[in-house]
S.K.: 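Sending over a structure as structure tokens; questions will come in a sec.
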Protein chains: 2
Amino acid sequence: MHLSADDLVKTLRERSLRITKARRAICEVLATSHEEHMSAADILERARVRAGVAIDQSTVYRTLDVLEEFGYLHHVHLGHGAGVYHLSEESDHQHLVCEHCGTSVEIPLEELAPVLASVTARYGFVAEGVHFALVGTCESCAK
Amino acid sequence: MHLSADDLVKTLRERSLRITKARRAICEVLATSHEEHMSAADILERARVRAGVAIDQSTVYRTLDVLEEFGYLHHVHLGHGAGVYHLSEESDHQHLVCEHCGTSVEIPLEELAPVLASVTARYGFVAEGVHFALVGTCESCAK
DNA sequence: TTTCGTGCAAATTGTTTGCAATAGA
DNA sequence: TCTATTGCAAACAATTTGCACGAAA
């Protein structure tokens, strides 16, 4: 299930943050480009069109910060250049298995999304995060 | 086997590039901090000390570019902030295995470095890239 | 001597911040 | 009304580029 623009707006309202044209437009842009990785500049441009009013980049960054703080959004710096933003998906998770003690830790699949995306882009290989486990050494065994 | 400063200098010479104090110092810094992830600023500082002469940041970037172009160096943007550089190790690689046709593709381990690093930072889990394969669908099976 | 590589300074790109004006609750 | 949020402009951080001089080959 995907987050809608209204979901985002609602959470802003619930935290007694104000719903402005800029914020609404940014939420809409994020909600309607779900699987896409957008830079702040991309979001700004689309939000401007959608809002029909002037929106500043600083407003975009500030809004993204707020949403990220609440866990609705993530951003990563793939390769070089600008960071890319996208909404958090339902918490599919990925397992980290310790080869020493067998413990497994769950991490949100989203954490791996950036690499999986870049692997797809570069090698045409669609990785299935859920089908593999990361093997390594857990924190306590590392000591 | 690790690359020494001389190895690096030698390759520069072989390509008829000039061996300057700045370049030599940068090579030495890289060679003597093998497993470390250094930013360009770190490298600049250490190279300045080592060379005993003024070295400019642009020179550092240009030298790093050259070494990277020749495959002796990699850099990645982990998280935010400055990118980090490190010499290429023996080409450890990672396998992408297609679950449909069994084909496997090799990708440089370095490709996965960003996530592995963030997983370590966030969960104290040291992933061993070489011990897992990414399972998914390859380009031709995807059609 | 002939270029290549340098330092310097200024330009670029991506992101953040200070502040007075404005609009949401 | 009251104050959170905005746009603007300026500050920042990381990296790149233009250029004339100096130094490797």
Side-chain angles (χ1 to χ4, degrees), chain A residues 8-27 29 37-70 73-86 114, chain B residues 8-29 37-45 47-70 73-86 114:
Chain A
L8 295 172
V9 168
K10 210 170 100 187
T11 49
L12 290 177
R13 184 168 288 133
E14 277 166 3
R15 321 229 179 191
S16 15
L17 297 178
R18 294 180 181 169
I19 314 303
T20 64
K21 277 183 184 156
R23 280 187 175 160
R24 190 182 299 276
I26 292 167
C27 289
V29 168
H37 280 180
M38 292 176 293
S39 69
D42 295 334
I43 296 170
L44 172 61
E45 197 177 307
R46 299 190 198 183
R48 272 181 177 156
V49 172
R50 198 173 267 271
V53 300
I55 296 182
D56 192 73
Q57 21 168 279
S58 61
T59 299
V60 172
Y61 280 109
R62 287 188 273 230
T63 300
L64 295 176
D65 282 351
V66 167
L67 293 173
E68 193 158 18
E69 204 170 297
F70 294 159
L73 186 72
H74 279 284
H75 89 279
V76 266
H77 291 261
L78 305 174
H80 315 195
V84 293
Y85 293 78
H86 57 100
Chain B
L8 296 173
V9 168
K10 208 170 102 189
T11 50
L12 292 177
R13 184 167 289 134
E14 277 165 2
R15 321 232 178 187
S16 14
L17 298 179
R18 294 179 181 170
I19 313 303
T20 64
K21 277 182 184 160
R23 280 186 176 163
R24 190 183 299 274
I26 292 167
C27 288
E28 286 172 4
V29 167
H37 281 180
M38 293 175 292
S39 68
D42 295 333
I43 296 169
L44 171 61
E45 198 176 305
R48 271 179 178 157
V49 172
R50 197 174 266 271
V53 300
I55 296 181
D56 193 73
Q57 20 166 287
S58 61
T59 299
V60 171
Y61 281 109
R62 287 188 273 230
T63 300
L64 295 176
D65 282 351
V66 167
L67 293 172
E68 193 158 19
E69 203 171 296
F70 294 160
L73 187 72
H74 279 285
H75 90 280
V76 266
H77 291 259
L78 306 174
H80 316 196
V84 293
Y85 293 79
H86 57 97

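Just so it is clear: chains get the letters A, B, ... in the order the sequence lines come, proteins before strands, and each one is counted from 1. The analysis underlying the following values was restricted to heavy atoms, covering all of them including side chains, and did not include hydrogens, waters or symmetry mates.
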S.K.: Under 4.5 Å between any side-chain heavy atoms of A:Arg23 and A:Leu17, yes or no?
M.R.: yes
S.K.: Rounded to the Å, how far apart are B:Leu64 CG and C:dG5 P?
M.R.: 15 Å
S.K.: For the pair made of CG in B:Leu44 and P in D:dA14, what is the distance, rounded to whole Å?
M.R.: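 It is 12 Å, rounded to the nearest whole Å.
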S.K.: To the nearest 0.5 Å, how far apart are CD1 in B:Ile43 and CD in B:Glu45?
M.R.: 11.5 Å
S.K.: Measure the distance from CG on A:Asp56 to P on D:dA9 and round it to the nearest whole Å.
M.R.: 9 Å
S.K.: Do B:Arg62 and C:dG7 share a donor-acceptor pair, side chain to base, under 3.5 Å?
M.R.: yes
S.K.: To the closest 0.5 Å, what do you measure between CD (A:Gln57) and CZ (A:Arg62)?
M.R.: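 These two atoms lie 10.0 Å from each other.
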S.K.: Does a side-chain heavy-atom distance below 4.5 Å link A:Val9 with A:Arg24?
M.R.: yes
S.K.: Both B:Ala40 and A:Val53 contact DNA chain D. Which one's nearest nucleotide lies toward the 5' end?
M.R.: A:Val53
S.K.: Distance from B:Ile26 atom CD1 to B:Leu44 atom CG, nearest 0.5 Å?
M.R.: 8.0 Å
S.K.: What I'd like to find out is whether the side chain of B:Val60 reaches to under 4.5 Å of the side chain of B:Asp56, using heavy atoms alone.
M.R.: no
S.K.: In whole angstrom, what separates A:Ile19's CD1 from C:dA25's C1'?
M.R.: 10 Å
S.K.: Classify A:Ser39 by what it touches in the nucleic acid, base, sugar-phosphate, or nothing, heavy-atom distance under 4.0 Å.
M.R.: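 The residue A:Ser39 makes no contact with any strand.
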S.K.: In whole Å, I'd like the distance from the CG atom of B:Leu17 to the C1' atom of D:dA23.
M.R.: 15 Å
S.K.: What contact category does B:Ala22 fall into here, base, sugar-phosphate, or nothing, at under 4.0 angstrom with non-hydrogen atoms?
M.R.: sugar-phosphate
S.K.: If I take atom CZ in residue A:Arg15 and atom P in nucleotide C:dG24, what distance separates them, rounded to the nearest angstrom?
M.R.: 22 Å
S.K.: Does the side chain of B:Met38 reach to within under 4.5 Å of the side chain of B:Val84, using non-hydrogen atoms?
M.R.: no
S.K.: Using a cut-off of less than 4.0 Å, is there contact between a side-chain N or O of A:Thr59 and OP1 or OP2 of D:dG7?
M.R.: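 Answer is yes, contact under 4.0 Å.
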S.K.: Picking from C:dG24, C:dG7, D:dC8, which would you name as closest to the side chain of B:Ser58?
M.R.: C:dG7
S.K.: Five pairs per end, C1' atoms only: what is the angle between the end axes of the helix from C:dT1-D:dA25 to C:dA25-D:dT1, to 10 degrees?
M.R.: 30°
S.K.: How many Å lie between CD on A:Gln57 and P on C:dT17, as a whole number?
M.R.: 14 Å
S.K.: Start at the 5' end of DNA chain C and walk down; is the nucleotide closest to B:Lys21 or to A:Tyr61 reached first?
M.R.: B:Lys21
S.K.: Which one, C:dT6, C:dT2, C:dT16, comes nearest to the side chain of B:Thr63?
M.R.: C:dT6
S.K.: Starting at atom CZ of A:Arg13, determine the distance to atom P of C:dG24, rounded to an integer number of angstrom.
M.R.: 12 Å
